[in-house]
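Notes for the one structure printed next.
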Amino acid sequence: MTSGAATAGADRRGPARSGPAGRRRPHTLAAIATIAALAMLTVAALILGPAPLSSGAGPGPDASGETVSLTGTAPGARLDATLVRVADPAGPAPDDADRLVAVQLRLENTGTAVYEDSPAAATHLLDSEGHRFTGLSPSTDPGAAGLAGVAGAVFPETVALDPGSGATGLVVFRLPRDAGLAAVQFALDGGLANDVAQWSLA
């Protein structure tokens, strides 16, 4: 009986193997279709070239590209501030003990009042030891004035923006040569407003 059962089992399995081509054809067709699709994608990539990089996908590793919406104390005072980049060093320092660092910002007036302020006074740079540095005056400091045209356009002493308009420029700082960068801060009202943007550089 045991032998017969085994034989019957073998007979039941036999028909399952009688048509291997018929059972494998769908898988073969799917494999061929997949290979053809991959080939078409490869040809398209060669023709079109690599996809362009997104310029506004989000903040970079040093928080560049991040936009912060701010308000001031005056009615209708609102501003979008974007950290574009940090240049370190930004150029030759006036003396050997210091170095110049430039912070590029994009300012857009999103409020209903005219924005008129000094970006140098409104921007601060924090080092890794907690020291806070104020931007250099472009009209009186030789370090800020000397960077004009080197690292980019330096913000003038006063920037005036009508509602809906914007401007991009640099704020220059003088730091000790061995100071590490920790963060950039910006606020309306010459840096005195309670609403403060901070971008981490660590």
Side-chain angles (χ1 to χ4, degrees), residues 51-91 99-141 143-145 147-175 179-202:
L53 297 176
S54 174
S55 59
D62 60 351
S64 59
E66 183 179 359
T67 299
V68 180
S69 297
L70 300 168
T71 58
T73 55
R78 291 192 303 274
L79 194 76
D80 278 1
T82 304
L83 176 63
V84 179
R85 66 186 178 100
V86 176
D88 180 24
R99 78 182 193 270
L100 297 180
V101 177
V103 173
Q104 188 174 42
L105 296 171
R106 170 70 182 171
L107 307 178
E108 296 185 27
N109 187 349
T110 58
T112 57
V114 175
Y115 168 80
E116 187 170 357
D117 207 347
S118 170
T123 312
H124 294 87
L125 188 59
L126 281 63
D127 71 5
S128 55
E129 296 186 358
H131 300 123
R132 193 166 180 252
F133 301 87
T134 304
L136 303 178
S137 170
S139 60
T140 60
D141 192 283
L147 275 186
V150 177
V154 178
F155 274 125
E157 190 71 40
T158 302
V159 171
L161 299 175
D162 291 328
S165 62
T168 301
L170 295 172
V171 178
V172 183
F173 300 85
R174 187 199 305 266
L175 273 74
L181 304 184
V184 177
Q185 292 181 338
F186 181 89
L188 278 71
D189 303 325
L192 300 177
N194 293 328
D195 199 5
V196 179
Q198 178 164 313
W199 298 273
S200 175
L201 304 179

**Study point:** Contacts of type side chain to side chain donor-acceptor pair (under 3.5 Å), residue T168, not counting sequence neighbours
**Key:** R106
Check your understanding: Could you state the interatomic distance from OH (Y115) to CG (N109), rounded to the nearest 0.5 Å?
Key -> 9.0 Å
Exercise for review: Might you point out which heavy atoms bring A193 and G72 nearest each other, and give the distance in Å?
Suggested key: CB-CA, 4.5 Å
Review point. Do the non-hydrogen side-chain atoms of V86 and V101 ever get within less than 4.5 Å of each other?
Key: yes
**Study point:** side-chain contact (heavy atoms from CB on, under 4.5 Å) partner of L105, chosen from L83, L170, V84
**Key:** L83
Review point. How would you list, by chain and number, every residue that makes a side chain to side chain contact (heavy atoms under 4.5 Å, CB included) with T73, sequence neighbours excluded?
Key: D189
Point to revise | Listed partners of R132 passing side chain to side chain contact (heavy atoms under 4.5 Å, CB included), at least two apart | key: H124, L126, Q185
Practice item. Can you run down the salt bridge (Lys or Arg N to Asp or Glu O under 4.0 Å) pairs that involve residues 116-129, sequence neighbours left out, and say none if there aren't any? Key: none
Review point. Does some side-chain heavy atom of R78 sit less than 4.5 Å from a side-chain heavy atom of T110?
Key: yes
Practice item. Please identify each residue that fulfils side chain to side chain donor-acceptor pair (under 3.5 Å) with D88, with sequence neighbours left out. Key: R99
Point to revise | Heavy-atom pair of closest approach, residues V196 and A187 | key: CG2-CB, 4.0 Å
Practice item. Show the numbers, then the answer: is there a side-chain contact (heavy atoms from CB on, under 4.5 Å) between D195 and V68? Key: CA-CA 10 Å; D195 199 5; V68 180; 6.0 Å; no
Point to revise | side chain to side chain donor-acceptor pair (under 3.5 Å) partners for T67, two or more places apart | key: T82
Review point. Quick one: does L100's side chain get under 4.5 Å of L136's, heavy atoms only?
Key: yes
**Study point:** Shortest non-hydrogen contact between A121 and T134, atoms and distance
**Key:** CA-CG2, 4.2 Å
Point to revise | Heavy-atom closest contact (P138 atom, A120 atom, distance) | key: CD-CB, 4.4 Å
Review point. How would you list, by chain and number, every residue that makes a side chain to side chain donor-acceptor pair (under 3.5 Å) with S69, sequence neighbours excluded?
Key: D80
Identify each donor-acceptor pair in which a side-chain atom of residues 154-163 lies under 3.5 Å from a protein atom, sequence neighbours left out, and give them as a table.
unit_1: E157; atom_1: OE1; unit_2: S137; atom_2: OG; d: 2.7
unit_1: E157; atom_1: OE1; unit_2: S139; atom_2: OG; d: 2.8

Practice item. Could you tell me which residues satisfy side chain to side chain contact (heavy atoms under 4.5 Å, CB included) with A81, sequence neighbours excluded, listed by chain and number? Key: L70, L107, F186, W199
